[in-house]
Amino acid sequence: MQSHARVVVVGGGIGGLSTLYHLCLEGWTDTVLLERNELTSGTTWHSAAQCPSVAFNQLLLLLRDYTIGLYKELSEDPAYPINYHHATGGMRLLTNQTHVDEVHHILSVAKGLGLELDLIDAAEAKRRNPLLNIDGVISALWDHRDGDIDPAQLCQALGARSRKMGAKIHRNTPVTALKQLPNDEWLVTTEHGTITAEHIVIAAGYRANEVGALMGIEYPVIAMEHMYFVTEDIPELLDREGRVPMVRCPRDTFYMRQEKKGLLVGIYEHDCKTFGMDGIDPDFVNALCPDDLDRLLPKMEPIFDRLPCLQEVGIKSVVNGPIAYASDAGPLVGKQPGLRNCWSMNGLRVGIGEGGGYGKMIAQMMVHGETEWDSWQLDPRRITRFANTEFTALKSIEDYQYEFVWHLPHEHRPAGRPAKTSPLYPLLKDRGAEFGVVNGWERAEFYKPSPEFETSHGYGFQNWHDVVGAEIAALRANVGLAEVSGFNHYRITGDGALDWLSSLTCSNVSAKPGKASLCYYLTPKGNISGEATIVPLGDGSVFYGSAATAEYHDMNWLCEHLPEGSDIRIESRTNTHTMMVLAGPRARDLLAAVSPRTKWGQTEFPWLSAQRVFIGYVEALAIAISYSGEQAFELHIPNTQLYAAYDILTRAGEAFGLSHFGMYAIDAMRMEKSYGHWKADFITEFNPIEAGLKRFVNLDKDFPGKPGLLAQIEAGNRRDWVLLELDSREAPAQAGEGVFAGGRPVGSITSAGWGYRVQKNLAMAYVNPDHAQIGTELEVLLIGKPTRATVCAPSPFDPKNEIPRGIA
């Protein structure tokens, strides 16, 4: 075994072999894969190996589209043919109106990407798959490319191609130690020798935490037992030419595909079980968990009703094997937070169906520093330390139970909650706060008008629509208070800290103490990587604030760029401090009443400035900054005194008509100001010019990503970010949905919602530049209904930004 390699991949299932193959395609052929047993001896070997193109969002649709194309090309290689039932076709049964609404959303997203899906009626579903009983079926989502593949043959083919390009694969070679060297290389110790590698990729399936323990990390990943059974021959299939289409049912949480002349039926039962939480037998190789059909019995009757043929045949075999789940059911593909040159390919719940895309994605990240898709929803840095093993188990059980039940807009399911709260959580709950979750933190979304109020979820405007409007009206009349828990907050100190931060961003950073600057960081190709508010303070430290979800992302990025030998220190205050926002025309008056030593006038405390203040006796950092377009202040307060500050503000606020508002109100108001949101609107697929952020780019300075940005500017915008006014009062658009001109896709939605102050249905979108002019009429699909969408001028509310500046 060689002593050095550019990359060592640990794990020989679909994740590891797809990574190996795609690294070779990118030119990194000095790559080694180590497998503790035989290839595909973990989850991969017993996978049901379905390959649908249907998914619930843009990224997964694109990953599956690429994966299907790769598998088809592999299967047609005469040198290494694969048993791939490509384009058998498959359907998702829709048994209530919510299911239909969900599918209209997906049809819009897919159509916007140029992908073909279809909605068929129940009779047509029965015609295509005569085994079905269609009682209660309204319609079905048809996926003509749905199919299944032999997982072992697939992986062997990927391995063969990788070897041909120069990669090495060592089977029966367990990794026994992983140690990072001072130069950031890795010492990979095995039973057969040691390899020094520039990078390591951990693709260890349900043994991820065994490997993670070698590095002192715990992945938010556990395994769930999953059962499917294979029937004896079905009489209706014996003389049938071709295969019956695959079936998935969100009501009864099962899937079905043909297996020879029988059926393979998989069930996601509610009485489910985790696997291996107390350790995994080292000899659990090409092995299964004990059969436990009793767990499936509560689900069997409705499935037998849906597929009456099952009542007439016996079960030939049962497969019960472990599948890895991450704490939010999405895989962990990308940089491992806190470690250099360490990459994760873990938690692949849908490993076969999306595995080709995962491999391409991680290879592009490693070789080029970014991938062609914004991959944040799969990035390991999106999940922070609160997601321990016990939390992950609770969420994985919940996700397993609702495997085929897609999340509705704004829906946050109950398992593992509350995980993280500020000291104000019980007080806000008593006030009627309806909470959502951001990076584990409970955040008030709106305040229920009565204890009996039951929040609805769906694709039209919901029962909280007018409640949010009332919150905005109240703060506009007087002053409103919102808690924004989990806001990412660093204190940065050390010689040259501000100059260093300035050197990393394409934006101008003010050196004036107390002056706030909004800044953007770029990828190597010049696309948007990060967004932060930077404020130099009078004591020489620097305030750095960014989105709650950026906690690990930004720390990782900053630490990677620390100057060698520097004394710069980054102290995270994300979990020790909380931000409260005061907004409205009487915000300054209320603050003056509780903080009389500070001069709160517009001249003394202007927009985009910061000061150390006292709220009563509680010290805070106040920043005059507005995400709502109203007069507003952020108050950053230690959690130890957060209750005291809140009590002081609310008691004094009675005289000023103080009200409370939540994140829904904030999101609605920022739409009216054309303020984008990191990882919703500002993503790594577009550069800041395309994103409408030209005013934040100074091309006269040097910064990481500048050559890539200049090359993109010379080539011209691929898309332009625009604000759309939708001609509907029935429903908002949803992120990812397509924008069309004459039925042809020309862009996609990034954010959307009702603008209460301007009384308009608004959406933000990236569209082709020739459709970005103000007044251009386009079209969106709102729950399947074609709806006019007109490009409008940005910031329809207070376009000159006079309110925050105290001019209006």
Side-chain angles (χ1 to χ4, degrees), residues 428 431-434 443-449 453 461-484 579-595 600-602 605-608 622-635 646 649-677 723 725 729 732 751-764 792-808:
L428 302 184
R431 281 186 174 266
E434 178 78 355
R443 276 190 180 176
E445 295 185 320
F446 68 93
Y447 288 82
K448 295 181 284 189
F453 186 90
F461 288 118
Q462 298 300 301
N463 65 349
W464 43 263
H465 178 74
D466 291 340
V467 177
V468 174
E471 291 180 2
I472 294 172
L475 78 87
R476 289 196 69 201
N478 292 297
V479 57
L481 183 150
E483 183 204 51
V484 186
M579 180 173 80
M580 287 194 292
V581 174
L582 284 177
R586 306 191 75 184
R588 292 179 184 270
D589 297 334
L590 171 56
L591 287 166
V594 299
S595 183
W600 292 93
Q602 191 78 44
F605 207 143
W607 180 54
L608 294 181
I623 307 177
I625 196 167
S626 178
Y627 199 46
S628 63
E630 303 288 342
Q631 282 276 329
F633 287 86
E634 294 179 358
L635 304 175
Y646 176 80
L649 285 167
T650 52
R651 288 178 184 274
E654 293 178 5
F656 297 89
L658 179 69
S659 59
H660 284 63
F661 64 101
M663 298 307 299
Y664 288 178
I666 293 173
D667 205 45
M669 290 187 286
R670 66 101 178 172
M671 291 290 302
E672 297 169 301
K673 293 296 297 174
S674 294
Y675 291 158
H677 195 286
L723 185 69
E725 181 182 345
R729 301 181 74 89
S751 294
W754 185 258
Y756 293 88
R757 295 173 296 190
V758 298
Q759 288 297 298
K760 292 181 178 181
N761 193 350
L762 301 173
M764 296 170 174
C792 59
S795 191
F797 177 77
D798 187 23
K800 294 182 180 179
N801 217 30
E802 293 176 336
I803 293 175
R805 292 185 293 144
I807 298 173

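The figures here come from the full heavy-atom set of this structure, side chains too, leaving out hydrogens, waters and symmetry mates. Keep in mind that this is a model prediction, so the values were computed, not measured. Residue numbers run from 1 in the order of the sequence given.
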ask   = Would the F633 and W600 ring centres measure less than 6.0 Å apart?
value = yes

Stepwise side chain to side chain contact (heavy atoms under 4.5 Å, CB included) check, E483 with H660 = CA-CA 9 Å; E483 183 204 51; H660 284 63; over 6 Å; no

query = Stepwise, does the side chain to side chain donor-acceptor pair (under 3.5 Å) test hold for H677 with Y627?
reply = CA-CA 10 Å; H677 195 286; Y627 199 46; 4.7 Å; no

ask   = How about L591 and F605: do any of their side-chain heavy atoms sit closer than 4.5 Å?
value = no

Heavy-atom pair with the smallest gap, counting every atom of P606 and A624 = O-CB, 3.3 Å

request  = Evaluate side chain to side chain contact (heavy atoms under 4.5 Å, CB included) for V467 paired with K448, printing each intermediate quantity in order.
outcome  = CA-CA 7 Å; V467 177; K448 295 181 284 189; over 6 Å; no

query = Side-chain contact, heavy-atom cut-off 4.5 Å: W754 with L762?
reply = no

ask   = Who are the side chain to side chain donor-acceptor pair (under 3.5 Å) partners of E445, not counting sequence neighbours?
value = H412, Y664

ask   = So do N761 and R729 actually touch side chain to side chain, heavy atoms under 4.5 Å?
value = no

Any side-chain heavy-atom pair of I666 and V581 under 4.5 Å = no

request  = Rounded to the nearest 0.5 Å, what's the gap from CG on N463 to NE2 on H465? Could you check?
outcome  = 11.5 Å

message = I'd like to know if the side chain of E672 reaches the main chain of V758, judged simply by a donor and an acceptor atom lying under 3.5 Å from each other, with no hydrogens or angles considered.
response = yes

message = Contact between D798 and P804 at the side-chain level, heavy atoms closer than 4.5 Å - yes or no?
response = yes

Main-chain N/O of F797 paired to K673 side chain as donor or acceptor, under 3.5 Å = yes

ask   = Do the ring centers of F446 and F661 come within less than 6.0 Å of each other?
value = no

task = Might you work through the side chain to side chain contact (heavy atoms under 4.5 Å, CB included) test for D466 and F461, ending with a clear yes or no?
result = CA-CA 9 Å; D466 291 340; F461 288 118; over 6 Å; no

query = Quick check: does any side chain N or O of S674 sit under 3.5 Å from a backbone N or O of S795, one acting as donor and the other as acceptor?
reply = yes

request  = For residues K800 and R805, report the shortest heavy-atom separation together with the two atoms involved.
outcome  = O-NH2, 2.7 Å

ask   = What residues form a salt bridge (charged side-chain N to carboxylate O under 4.0 Å, His left out) with R586, not counting sequence neighbours?
value = none

query = Side-chain contact, heavy-atom cut-off 4.5 Å: R443 with V484?
reply = yes

message = The test is side chain to side chain contact (heavy atoms under 4.5 Å, CB included); show your working for F453 and E434 and say whether it passes.
response = CA-CA 10 Å; F453 186 90; E434 178 78 355; over 6 Å; no

task = Using atom types as modelled and distance alone, determine if a side-chain donor or acceptor of N478 lies under 3.5 Å from a backbone N or O of L658.
result = no

task = Using a 4.5 Å cut-off on heavy atoms from C-beta on, say whether the side chain of L582 contacts that of V479.
result = yes

query = Does some side-chain heavy atom of L723 sit less than 4.5 Å from a side-chain heavy atom of P796?
reply = yes

ask   = Is the backbone of G662 close enough, under 3.5 Å, to the side chain of E471 for a donor and an acceptor to pair up by distance?
value = yes

inquiry  = Would the distance check show the side chain of Q631 and the main-chain N or O of A583 forming a donor-acceptor pair, the cut-off being under 3.5 Å?
reply    = no

query = If you round to the nearest 0.5 Å, how far is CD of E654 from CG of L649?
reply = 12.0 Å

ask   = Cut-off 3.5 Å, side chains only: do R588 and Q602 have a donor facing an acceptor?
value = yes

